[in-house]
2 protein chains.
Amino acid sequence: MRGRSDVLEPAILGLLHESPMHGYELRKRLNLVLGSFRALSYGSLYPALKSLADRGWIVGSESPEGAPHAVTSKRARIVYQLTADGKEHLQEVLASSGPSTWEDENFDVRFAFFGQTDAETRLRILEGRRTRLTERLEQIRQSVARTRERMDEYTLELQRHGLEQVEREVRWLDGLIDNERGVRRARPTGTGRPAAADSPAAAPASADAARNTEKERG
Amino acid sequence: MRGRSDVLEPAILGLLHESPMHGYELRKRLNLVLGSFRALSYGSLYPALKSLADRGWIVGSESPEGAPHAVTSKRARIVYQLTADGKEHLQEVLASSGPSTWEDENFDVRFAFFGQTDAETRLRILEGRRTRLTERLEQIRQSVARTRERMDEYTLELQRHGLEQVEREVRWLDGLIDNERGVRRARPTGTGRPAAADSPAAAPASADAARNTEKERG
DNA sequence: CTCCAGATGTATCGACTTGATACATCGATC
DNA sequence: GATCGATGTATCAAGTCGATACATCTGGAG
């Protein structure tokens, strides 16, 4: 359970918070929302659901919504929803903003659910992430500088390209941070309105960006 | 062996082709060359080495290079090198340019070893990759268009960002393809000179780019 | 109307990877 | 002369993917 499921579980809880769902749909939505950077297979989804149910954060019911008539038939489907404990746990998770939330995949998930996170936490995560990437940048630069001689041109180009990716990502974060600050200044209470999209600075993606995104589309 | 080891094995063979090496160094170099998009752990390296040795493509010797004196001691280290069969196999692999070489991680590895690949194969891989990404782009666009309404702003921003990543990658490929064509035209025989780096179009990274890059920075 | 291809749906398996760790030797620095 | 970190080989538990099995529902072609 302590693999990278730190990614899976919050994502599942976050989606179920919006509305109850069954596995198949969960997978579709998950691959749509996180799809740009993360694939989800049944082999991890179903065990995760079981584990969440075991811990009492979600419950699975076999009867769908209001279908009063036919008793039998109805295709087998298990609709999951959050329990009170689950909601509580989700709130805790969403309020956290420690180092783990600055890591690649964790950050992506947290960002995807920023809509359910308060403004202060958002800002802390964005800034932590930015610091994290800046450190990485420095390490890449040193590493490249130290070995430039021995590299052939294609390897060099690959590294140069990777470096630029990260730089671009930092600039993207800068844009987002500016936005969050702007919102906070304009609306001191932090109404929850995100505001982003077409800011001038906005640009690259959270990191390895849209790789998959085609496993299941809708 | 049929997992994503399609990535590992060519990379190992490619590195060993440059010079014999032992596991530890192999890992360092691998994380340096592929480091921007791929981590390599011992848990996959050693089994892969064993498998390659079993198939007769590499051999591991316990005596390092010319150390004629002391018989015993000398820290345990196994230096691997390509066999004749291994070189042959590597040539086959490097000459291939089918659909699998257009996929994310496979492409990255192939690109990293473009220096050992002939100009024609390079071009085929680059163009195949480009087509691949263009298809993906179309799918993402449709997917986003179909669900724009239901998405909150942060999710939307994440998707927009992912989309832009891929678009940028296509432009990067365009630059590389132009370069390859230019080289071919200027030097019909394809001397092997890559030429790239500071072309005007060059920009983003092969895909999920420099994530890791810090696991070992020799 | 019938049949069947393809979407929906739950679930498992084998092969593979990661991250941590165990173990051991070498090289410095104090 | 000992302690700390880099070098070096190797394994393990936990978790993941991709494929697949199985079943039902739906929309059209014939």
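What you see is a predicted model; the values in this text were computed from it and never measured. Proteins come first, then strands; the chains are lettered A, B, ... in the order of their sequence lines, and each starts at number 1.
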Whole Å only: how far is the [atom1] atom of [X] from the [atom2] atom of [N]?
X        : N      : atom1 : atom2 : value
A:Ile12  : D:dT16 : CD1   : C1'   : 13 Å
A:Leu40  : D:dA19 : CG    : P     : 15 Å
B:Leu30  : C:dT18 : CG    : P     : 11 Å
B:Glu105 : D:dG18 : CD    : C1'   : 14 Å
B:Tyr46  : D:dT7  : OH    : P     : 13 Å
A:Asp6   : C:dG19 : CG    : C1'   : 13 Å
B:Asn31  : D:dT7  : CG    : C1'   : 15 Å
A:Tyr80  : C:dT10 : OH    : P     : 7 Å

Please tell me which of the listed nucleotides, [options], lies nearest to the side chain of [X]?
X       : options                : result
A:Ser41 : D:dT9, D:dG18, C:dT10  : D:dG18
A:Ile78 : C:dT12, D:dT11, C:dT10 : C:dT10
A:Tyr24 : D:dA19, D:dT7, C:dA7   : C:dA7

Query - Single hit among B:Arg160, B:Arg130, B:Arg141 for salt bridge (Lys or Arg N to Asp or Glu O under 4.0 Å) with B:Glu167 - result: B:Arg141
Query raised in the report: Toward the 5' end of DNA chain D, which comes first, B:Lys50 or B:His22, by nearest nucleotide?
Result: B:His22
Report task. Taking the six-membered ring for Trp and the single ring otherwise, decide whether the centroids of A:Trp172 and A:Phe111 are under 6.0 Å apart. Result -> yes
Query raised in the report: According to a 3.5 Å limit on both distances, what stems of 3 or more consecutive Watson-Crick or G-U pairs are formed with DNA chain C?
Result: C:1-30 with D:1-30
Requested in this report: May I have the step-by-step check of side chain to side chain donor-acceptor pair (under 3.5 Å) for A:Ser51 and A:Asp54, ending in yes or no?
Outcome: CA-CA 5 Å; A:Ser51 159; A:Asp54 284 349; over 6 Å; no
Report task. Describe the nucleic acid contact of B:Gly43 in one word from base, sugar-phosphate, nothing, applying a heavy-atom distance below 4.0 Å. Result -> base
Query raised in the report: How is A:Ser44 classified with respect to the nucleic acid when contacts are heavy atoms under 4.0 Å: base, sugar-phosphate, or nothing?
Result: sugar-phosphate
Query raised in the report: So do B:Leu49 and B:Ile58 actually touch side chain to side chain, heavy atoms under 4.5 Å?
Result: yes
Report task. Please report the shortest heavy-atom distance between A:His89 and A:Leu13, naming the atom on each side. Result -> CD2-CD1, 3.5 Å
Requested in this report: Take A:Thr101 and A:Arg124 through the side chain to side chain donor-acceptor pair (under 3.5 Å) test and state the conclusion after the steps.
Outcome: CA-CA 10 Å; A:Thr101 63; A:Arg124 254 205 309 265; over 6 Å; no
**Report entry** Test item: side-chain donor near acceptor, B:Arg27 and B:Ser41, under 3.5 Å
**Finding:** no
